[in-house]
Amino acid sequence: MKMKILAVANPKGGIGKTAFSVNTVHAAVEQDSPTLRIDFDKQGSFSLAHPHGPDYDPSKRYLKASDLFYAPEKSADAELEYLAPGQAIIRADYDELLKLEKAPDDFAKHPGRYLRQFSDKFEVAVIDTPGTINMLLKAALTCADAVVSPLTLGLYDTAGLAQLWQIIRDVKSGGFNPKLRMIGMLPSKVDTRDKMAMAELDALRKHPKFGPAILPFMLAQKVPVARAINLRKPVWKGAKSKSHREAGEQWKQACDHVLTSLGSK
Ligand SMILES: Nc1ncnc2c1ncn2[C@@H]1O[C@H](COP(=O)(O)OP(=O)(O)OP(=O)(O)O)[C@@H](O)[C@H]1O
Ligand SMILES: [Mg+2]
């Protein structure tokens, strides 16, 4: 096993990064891939999506996201939190991540070194990142093999795209992670009933710079999706309506594509 690390990233907030991280993990579990979840967002939504497993012991010290920024010796007394066999999580710890946001950029290089020790235990690691530009986002991109970026349409969102592009370029050319691979950008929370939004998506797909990076999938904005997220279920499970079934197919295809492209198997 050689763990492949996926960062789900876009510095724009509220565009579906955590929802996509969670469902990609569901898809990896369905493929029987031992999967490590890492939450680099101090809001802790990705952590919240995963309740403790049956073996959770509140008296134990579990590895937290901030631990990855220091030498492994410092957290020698901490262990990985397993949710089920082969399924683990490194949760966000608000106070420590808040401090780390202001740490020098060089700190971004630490998690990659730390995570190497888990390389034989997992096939996939999914890192959920904050919806803002900070050292933690840079750290996720620095330790990742590949990045996928959900993106929304609109004036402000497209401006954010240029920022995302810039950060990825900085990470690749600034000596942080020259091998970082962009799997692609994934149109997310698309209102398919809005003709203008659909035209905008068409135009973006034809954009000379960004177009080739837009994945041939789309995650429509739908009530059953929000519900599935709240119920901590894969979007594609338990669909009773046509709309939910369609959404399920969209999400499953997109998640499976990203895992295949990550090359974890
Ligand atoms: N396709 C969708 N249809 C309906 N609701 C969605 C969809 N995708 C995400 N949501 C909802 O939108 C909200 C924001 O999603 P999410 O938290 O995944 O975004 P985020 O990019 O991780 O945000 P942040 O930048 O704050 O971390 C959530 O309430 C989620 O349930
Ligand atoms: Mg999030």
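Start at 1 and go down the list; that is how both ligands and their atoms are numbered.
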Quick check: do Leu83 and His52 have side-chain heavy atoms less than 4.5 Å from each other?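 Leu83 vs His52: side chains apart.
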Is there side-chain contact between Asp120 and Lys2, with heavy atoms separated by less than 4.5 Å?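 Not touching, per the 4.5 Å side-chain cut-off.
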Pick one of side chain, backbone, both or neither for how Lys222 approaches ligand 1, counting any non-hydrogen atom pair under 4.0 Å.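 The answer is the backbone.
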Is Thr132 touching ligand 1 with its side chain, its backbone, both, or neither, if touching means heavy atoms under 4.0 Å apart?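 Within the 4.0 Å criterion, Thr132 makes no contact with ligand 1.
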What about Phe40 and Phe69, are their ring centers closer than 6.0 Å?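 Yes, ring centres under 6.0 Å apart.
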Any nitrogen or oxygen of [X], main chain or side chain, under 3.5 Å from a nitrogen or oxygen of ligand 1?
X	value
Val225	no
Trp251	no
Asp128	no
Gly14	yes
Val223	no
Gln43	yes
Ser188	no

Who gets closest to atom 8 (N) of ligand 1 by heavy atom: Lys189, Gln221, Lys42, Arg227?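 Residue with the shortest heavy-atom distance to the ligand atom: Lys189.
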May I ask which of Pro130, Ala220, Gly16 has a heavy atom nearer to atom 1 (N) of ligand 1 than the others do?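 Comparing heavy atoms across Pro130, Ala220, Gly16, the nearest one to atom 1 (N) of ligand 1 lies in Ala220.
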Salt bridge flag under 4.0 Å for residues Arg91 and Glu81: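 Salt bridge between Arg91 and Glu81, a charged N being under 4.0 Å from a carboxylate O: yes.
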Rounded to the nearest 0.5 Å, how far apart are CD of Glu30 and SG of Cys255?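 Between atom CD of Glu30 and atom SG of Cys255 there are 9.5 Å.
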Below 4.0 angstrom, counting only protein heavy atoms, does anything approach atom 28 (C) of ligand 1?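 So far as the 4.0 Å threshold goes, atom 28 (C) of ligand 1 is out of reach of every protein heavy atom.
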Which pairs pass side chain to side chain donor-acceptor pair (under 3.5 Å) with one or both residues in residues 170-183, sequence neighbours excluded?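 Every pair satisfying side chain to side chain donor-acceptor pair (under 3.5 Å) with a residue in residues 170-183: Gln166-Asp170.
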Count up the protein N, O or S atoms sitting under 2.8 Å from the Mg ion (ligand 2), would you?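 For the Mg ion (ligand 2), protein nitrogen, oxygen or sulfur atoms under 2.8 Å: 1.
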Can you tell me if Ser59 and Asp57 form a side-chain donor-acceptor pair at under 3.5 Å?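 Their side chains do contain a donor-acceptor pair, which is all the 3.5 Å distance test asks for.
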With a 4.0 Å cut-off on heavy atoms, is Ser45 in contact with ligand 1?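 Per 4.0 Å heavy-atom rule, Ser45 does not contact ligand 1.
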Measure the acute angle between the ring planes of Phe107 and Tyr70, then classify it against the limits of 30° and 60° as parallel, tilted or perpendicular.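 The arrangement is perpendicular - the two ring planes meet at more than 60°.
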